[in-house]
Amino acid sequence: MRHAIPAWIRIPIFFLIIAGALEYFIDSGDNFAFIEFPMLSLVLAMILLFLIAAEFILDAVENIMFQSLSPEAKERYMAAQQKRMEKYDLKKIYRKLAGTRPISEERDLELDHNYDGIKELDNKLPPWWLYSFYASIIFAFGYLAYYHILGGENQHMEFEEEMVAARLAVEEYKKTAPDLVDAESVELLTDAADLDKGAAIYQANCMACHAADGGGGIGPNLTDEHWILGGGIKNVFNTVSEGGRAGKGMIAWKSTLRPTEIQQVSSYILSLQGTTPTSPKEAEGEIWTE
């Protein structure tokens with residue numbers, strides 16, 4: 001086998017077989033094994049050097065054995081070796097794949113067509129083109145069977161699956177990234193630490209218009225059941241974030257407060273429901289029910 005296949009073909013084949021086996025048996029997730037485990041690159045480099053060194057050693061041993069042959073045996077060996085290597089002559093392989101014919105044979109290819117001295121040759125299609133064409137036909141049948149008969153997973157199905165996976169990943173990320181909370185995903189906070197932070201934000205930003213106890217002033221009373229833009233954590237969060245009624249309502253706090261801070265102050269505001277302020281302002285808006 002060693003004499004049947006030259007080294008420049010044999011070494012890459014053996015190396016790719018070994019690398020493919022390592023890639024198959026080593027679990028590296030979505031990455032290539034040599035990327036996931038950099039040490040594997042060094043192992044592959046050592047394997048390649050070993051294969052090259054083995055070739056040099058075998059050539060040296062073969063040369064020593066060759067020198068021990070008789071002149072007649074050497075001549076027979078060289079003739080056999082030359083005959084074997086002719087199969088791997090790149091020029092011959094190219095001519096075979098291209099289907100070219102020597103110029104001396106063009107007369108045999110001439111057709112009975114002559115246009116002002118321009119002659120037409122009956123050249124056949126190059127073998128490489130024919131083989132590619134036949135391979136494309138075989139591939140087309142396989143493609144048709146897999147996707148249109150057996151119901152294989154097409155690009156639209158793959159897209160939908162990836163979109164579902166992406167949405168799930170976003171939802172999971174939002175659970176660990178509180179500052180991505182919005183009016184749709186916000187939840188009422190009841191933990192004392194969150195309510196204390198909400199109270200501090202309220203005292204620093206909201207007290208001037210709604211009074212320290214939420215009884216109202218320039219802004220409406222926050223302790224009764226009436227709401228101008230709707231009650232509940234989602235509506236209150238949206239009102240604080242986006243602002244009140246156009247022209248006369250509260251400013252939008254989303255440019256000043258982070259989403260988590262808006263959630264905390266909104267939860268604190270809702271905790272004022274049912275309390276008794278010192279000077280409650282007259283109710284405004286409609287009674288809110290969930």
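Heads up: numbering here begins at 1 and tracks the sequence.
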What do the steps show when you test Lys254 against Glu242 for salt bridge (Lys or Arg N to Asp or Glu O under 4.0 Å), and what is the final call?
-> CA-CA 7 Å; Lys254 62 183 179 182; Glu242 304 299 327; 2.9 Å; yes
Gap between atom [atom2] of [Y] and atom [atom1] of [X] - 0.5 Å precision:
X: Asp224; Y: Gln273; atom1: CG; atom2: CD; value: 7.0 Å
X: Leu257; Y: Ser266; atom1: CG; atom2: OG; value: 9.0 Å
X: Tyr131; Y: Tyr134; atom1: OH; atom2: OH; value: 9.0 Å
X: Asp194; Y: Gln263; atom1: CG; atom2: CD; value: 7.5 Å
X: Leu270; Y: Thr223; atom1: CG; atom2: OG1; value: 12.0 Å
X: Glu162; Y: Glu160; atom1: CD; atom2: CD; value: 10.5 Å

Do the side chains of [Y] and [X] get nearer than 4.5 Å, heavy atoms only?
X: Phe14; Y: Ile47; value: no
X: Ile11; Y: Leu48; value: yes
X: Thr275; Y: Asp213; value: no

State, without any angle test, whether Asp182 and Ser185 hold a side-chain donor-acceptor pair at a distance under 3.5 Å.
->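 Per modelled atom types, Asp182 and Ser185 side chains form a pair under 3.5 Å.
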For a quick test of reading the model, state the closest non-hydrogen atom pair linking [X] to [Y] and the distance between them.
X: Gly214; Y: Leu272; value: CA-CD1, 4.1 Å
X: Glu153; Y: Tyr147; value: O-CE2, 3.2 Å
X: Pro280; Y: Asn221; value: CB-ND2, 3.7 Å
X: Glu284; Y: His226; value: O-CB, 3.0 Å

Please determine whether the number of non-hydrogen atoms from other residues, nucleotides or ligands lying under 6.0 Å from atom [atom1] of [X] exceeds 12.
X: His148; atom1: NE2; value: yes
X: Lys281; atom1: NZ; value: yes
X: Glu158; atom1: CD; value: yes
X: Glu225; atom1: CD; value: no
X: Asn63; atom1: CG; value: yes
X: Gln67; atom1: CD; value: yes

Verify same cluster id: [X], [Y] (apolar side-chain graph, 4.5 Å):
X: Trp253; Y: Phe237; answer: yes
X: Leu42; Y: Ile52; answer: no
X: Val43; Y: Phe25; answer: no
X: Trp129; Y: Ile137; answer: yes
X: Phe15; Y: Leu22; answer: yes

His210 side-chain N/O to Pro220 backbone N/O, donor-acceptor pair under 3.5 Å |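 It does hold such a pair.
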Does the Ser241 side chain pair with the main chain of Asn238, one donor and one acceptor, at a distance under 3.5 Å?
->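 No; zero donor-acceptor contacts below 3.5 Å.
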side-chain contact (heavy atoms from CB on, under 4.5 Å) between Val236 and Trp227, intermediate numbers included = CA-CA 9 Å; Val236 175; Trp227 294 90; 3.9 Å; yes
With Val240, which of Val265, Ile201, Asn235, Asn205 fulfils side-chain contact (heavy atoms from CB on, under 4.5 Å)?
->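 By the side-chain contact (heavy atoms from CB on, under 4.5 Å) criterion, Val240 pairs with just one of Val265, Ile201, Asn235, Asn205: Val265.
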After noting the C-alpha distance and the side-chain angles of Ile233 and Glu187, does the key distance pass the side-chain contact (heavy atoms from CB on, under 4.5 Å) rule?
-> CA-CA 7 Å; Ile233 185 62; Glu187 295 180 356; 6.0 Å; no
Any chance you could lay out the side-chain contact (heavy atoms from CB on, under 4.5 Å) test for Val186 and Lys234, step after step, and finish with the verdict?
-> CA-CA 6 Å; Val186 66; Lys234 295 183 184 297; 4.0 Å; yes
Could you list the residues that satisfy salt bridge (Lys or Arg N to Asp or Glu O under 4.0 Å) with Glu286, not counting sequence neighbours?
->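 For Glu286, no residue satisfies salt bridge (Lys or Arg N to Asp or Glu O under 4.0 Å) once neighbours in sequence are set aside.
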Kindly give the cluster partners of Ile228, where membership spreads through any ILVMFWY side chain lying under 4.5 Å from a current member.
->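 Other cluster members: Leu229.
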Decide yes or no on side-chain contact (heavy atoms from CB on, under 4.5 Å) for Phe133 and Ser136, but give the supporting numbers first.
-> CA-CA 5 Å; Phe133 179 67; Ser136 68; 4.1 Å; yes
